[in-house]
Colleague: 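One structure, as structure tokens, below. Some questions next.
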Number of protein chains: 2
Amino acid sequence: MLTRKEELTEALIGYLLTHGLSDLSLRPLAAELGTSARLLIYHFGSKEGLLAAAMDAMHSHLRGTLQTLAENDAQEGDARVLRQFWDWAVAAENFSYLKLLYELQILAARHPETYGPFWQKATAGWLELIKGLLPADKQKAAIASLPIAVFDGLFLELMSTGDRQRTTRALDYFIGLVEEVRLNRAAAANKQRQASTRKRPPPR
Amino acid sequence: MLTRKEELTEALIGYLLTHGLSDLSLRPLAAELGTSARLLIYHFGSKEGLLAAAMDAMHSHLRGTLQTLAENDAQEGDARVLRQFWDWAVAAENFSYLKLLYELQILAARHPETYGPFWQKATAGWLELIKGLLPADKQKAAIASLPIAVFDGLFLELMSTGDRQRTTRALDYFIGLVEEVRLNRAAAANKQRQASTRKRPPPR
DNA sequence: CGTTACATGTAACGATCGTTACATGTCAAC
DNA sequence: GTTGACATGTAACGATCGTTACATGTAACG
């Protein structure tokens, strides 16, 4: 059975997803949750404790759904994983979560003391998860940063413009770029291998 | 000579650049500017008018420095323009401006009524400017979105992590990708042209 | 000198903020 | 039945918010 604090936390997440966290205020929140500011403080200790509880719950939720996504996509070890992740992110039930995460990131950049720990906790885990999806030779920091940045930038634009079609096409264009380079390099390596002596086995 | 409102606006921008605009408050602002909340309202009419004046001034400033950048780079019509733009953006005197713009973008996504017009005005002009730097065949919306998204995503990461080296390398990696594809396509087109009959002139 | 427009200072208004003091209800356990 | 832990309601505290009323200064112009 859920304790009162836990069900409040769930409702609280729903509220944050639609109202954001930059201008969170206890009394309007309490009104919408059918409780009082007094009780929110009672259960969470303070506004900061309330935020911490919400972020923790949000973090585990995201981690959970991302984990299943990673397991399902483990076999498709390509740049297309990025597309799968994008489809997951723009799904209605996940979109608000990510929107909140980006808001948190901006807040953390401006107020590291207050929001920095929340953002670190929220992203540390899932960035590792994304890197885990990349092929081993792509895990060098700078190279791994690029697909993440593409995702971030396009999601940011989707948030602002709502233009899902254009942002999705831009992502596909990026994936196409990466694929094209991969194929060209493979072809070039193949040709060079044929031209060389056959004593050495082909590089792995 | 500067009117009082104009010099207040300049000082105001400096304040916004370091303190952000999500938690702007008149009295601390006035204290740092050596004036009073009373006078800020007197000069700008309201807090919103104050924001509008600051955003207008910021917008013209950005527009000015971007214009000269565009003119200097006009000859280098390549993906490398993106790198020039990046160097401009991470320069100390411009970095805070862009940081503020991204904060504005997030705020606008959450409160379109309040911040939406500011963000539109700030970005509408300069996105056109970026598109103008791209070669004509790259101006299709989805394709133009990609370099912008790369820039946005990397800048966001730079804001959060401060890791200039990694983000810059990631950008160079992206530029390298685009260049590689461009060269491969040119080579392929060249080969095909040589193999075909010579009756038709090469496609432009 | 008087008038007029602009600038500034003091103080307060009503609203909202996070938080707390204090009292009361609920309900299971002993 | 009493005790005790948890939950809740009412009301207020002090702080800060954007904004305003009212009075005063300043300086140019007639």
Side-chain angles (χ1 to χ4, degrees), chain A residues 1-16 18-57 100 103-104 107-108 110-118, chain B residues 1-16 18-57 100 103-104 107-108 110-118:
Chain A
M1 169 203 165
L2 287 172
T3 158
R4 185 84 187 100
K5 179 173 175 178
E6 283 168 339
E7 48 179 315
L8 275 180
T9 304
E10 289 206 6
L12 165 60
I13 290 183
Y15 183 89
L16 287 180
T18 72
H19 292 80
L21 37 77
S22 60
D23 51 357
L24 176 64
S25 175
L26 289 188
R27 268 173 268 245
L29 163 66
E32 195 157 312
L33 300 200
T35 176
S36 68
R38 163 74 183 78
L39 282 186
L40 291 177
I41 295 290
Y42 171 71
H43 284 296
F44 297 98
S46 68
K47 188 185 180 182
E48 188 179 332
L50 178 139
L51 268 185
M55 290 297 156
D56 267 9
L100 200 61
E103 186 181 357
L104 179 60
L107 283 178
R110 190 69 74 178
H111 303 292
E113 344 69 63
T114 312
Y115 298 100
F118 295 152
Chain B
M1 168 206 166
L2 287 172
T3 159
R4 185 84 187 100
K5 179 173 176 178
E6 284 167 338
E7 47 178 316
L8 276 179
T9 304
E10 289 205 7
L12 165 59
I13 290 182
Y15 183 89
L16 287 181
T18 71
H19 292 80
L21 37 76
S22 60
D23 50 357
L24 177 65
S25 176
L26 291 188
R27 267 173 269 245
L29 164 66
E32 196 157 313
L33 299 199
T35 176
S36 68
R38 162 74 182 80
L39 281 185
L40 291 178
I41 295 290
Y42 171 73
H43 285 295
F44 298 98
S46 67
K47 188 184 180 183
E48 188 179 334
L50 178 139
L51 268 184
M55 291 297 156
D56 267 8
L100 200 60
E103 186 180 358
L104 178 60
L107 283 178
R110 191 67 75 179
H111 304 291
E113 343 71 63
T114 311
Y115 298 99
F118 295 151

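Numbers restart at 1 for each chain; the letters A, B, ... are given by sequence-line order, proteins then strands.
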Colleague: Using both distances under 3.5 Å as the test, list the Watson-Crick or G-U wobble partner of D:dC13, or none.
Modeller: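 By the stated definition (distances under 3.5 Å), C:dG18 pairs with D:dC13.
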
Colleague: Nearest whole angstrom, please: distance from the P of C:dC17 to the CG of B:D23.
Modeller: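 In whole Å, C:dC17 P lies 16 Å from B:D23 CG.
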
Colleague: Rounding to an integer number of Å, can you tell me how far B:L50 CG sits from D:dC17 P?
Modeller: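 Nearest whole value for this atom pair: 14 Å.
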
Colleague: With nearest nucleotide decided by heavy atoms, which residue, A:Y42 or A:S36, maps closer to the 5′ end of DNA chain D?
Modeller: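 Taking each residue's closest nucleotide, the earlier one in sequence belongs to A:Y42.
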
Colleague: By the 4.0 Å heavy-atom rule, please label B:L8 as base, sugar-phosphate, or nothing.
Modeller: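 B:L8: no heavy atom of the nucleic acid under 4.0 Å.
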
Colleague: Are any of the side-chain heavy atoms of B:L21 and B:M55 separated by less than 4.5 Å?
Modeller: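 Result yes, sub-4.5 Å side-chain heavy-atom pair found.
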
Colleague: Using whole Å, what does the distance between atom C1' of nucleotide D:dC6 and atom CD of A:E7 come to?
Modeller: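 My rounded result for the distance is 14 Å.
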
Colleague: Could you tell me whether a side-chain N or O of A:H19 sits under 3.5 Å from a main-chain N or O of A:Y15, the two making a donor and an acceptor?
Modeller: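 It does hold such a pair.
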
Colleague: From the options A:L16, A:T35, A:L50, select the one residue that forms a side chain to side chain contact (heavy atoms under 4.5 Å, CB included) with A:L29.
Modeller: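 Per the side chain to side chain contact (heavy atoms under 4.5 Å, CB included) rule, the option paired with A:L29 is A:L50, out of A:L16, A:T35, A:L50.
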
Colleague: May I have the distance from A:L33 (atom CG) to D:dG9 (atom P), rounded to whole angstrom?
Modeller: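 It works out to 13 Å between those atoms.
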
Colleague: Which one is paired to D:dG1, where only Watson-Crick or G-U wobble pairs with both distances under 3.5 angstrom count?
Modeller: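 The answer is C:dC30, by the H-bond criterion.
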
Colleague: Compare all side-chain heavy atoms of B:D23 with those of A:H111 and state whether any distance is below 4.5 angstrom.
Modeller: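 Yes, at least one pair of side-chain atoms sits under 4.5 Å.
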
Colleague: Using a cut-off of less than 4.0 Å, is there contact between a side-chain N or O of A:S25 and OP1 or OP2 of C:dC17?
Modeller: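 Yes, because at least one side-chain N or O of A:S25 sits under 4.0 Å from OP1 or OP2 of C:dC17.
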
Colleague: Just how far, in rounded Å, is P of D:dT19 from CG of B:L26?
Modeller: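 Going from B:L26 (CG) to D:dT19 (P), I get 7 Å.
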
Colleague: Examine C:dC6: is either OP1 or OP2 under 4.0 Å from a nitrogen or oxygen in the side chain of B:H43? Give yes or no.
Modeller: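 For B:H43, the contact criterion (side-chain N or O under 4.0 Å from OP1 or OP2 of C:dC6) is not met.
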
Colleague: Using atom CZ of A:R27 as one end and atom C1' of C:dT20 as the other, report the distance to the nearest whole Å.
Modeller: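 One finds 11 Å between C1' of C:dT20 and CZ of A:R27, rounded.
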
Colleague: Using a cut-off of strictly less than 4.0 Å, decide whether B:S46 has a side-chain nitrogen or oxygen near OP1 or OP2 of D:dG18.
Modeller: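 No, outside the criterion.
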
Colleague: Could you tell me if the side chain of B:E103 sits less than 4.5 Å from the side chain of B:L100, heavy atoms only?
Modeller: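 They are in contact (side-chain heavy atoms under 4.5 Å apart), so the answer is yes.
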
Colleague: Rounding to a whole Å, what distance do you find between A:R38:CZ and C:dG25:P?
Modeller: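 It is 16 Å, rounded to the nearest whole Å.
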
Colleague: Atom CZ of A:F44 to atom P of C:dT20: distance rounded to whole Å?
Modeller: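 A:F44 atom CZ is separated from C:dT20 atom P by 16 Å.
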
Colleague: Return no unless some side-chain N or O of B:R4 is found under 4.0 Å from OP1 or OP2 of C:dT8.
Modeller: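 Yes, B:R4 has a side-chain N/O under 4.0 Å of OP1/OP2 on C:dT8.
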
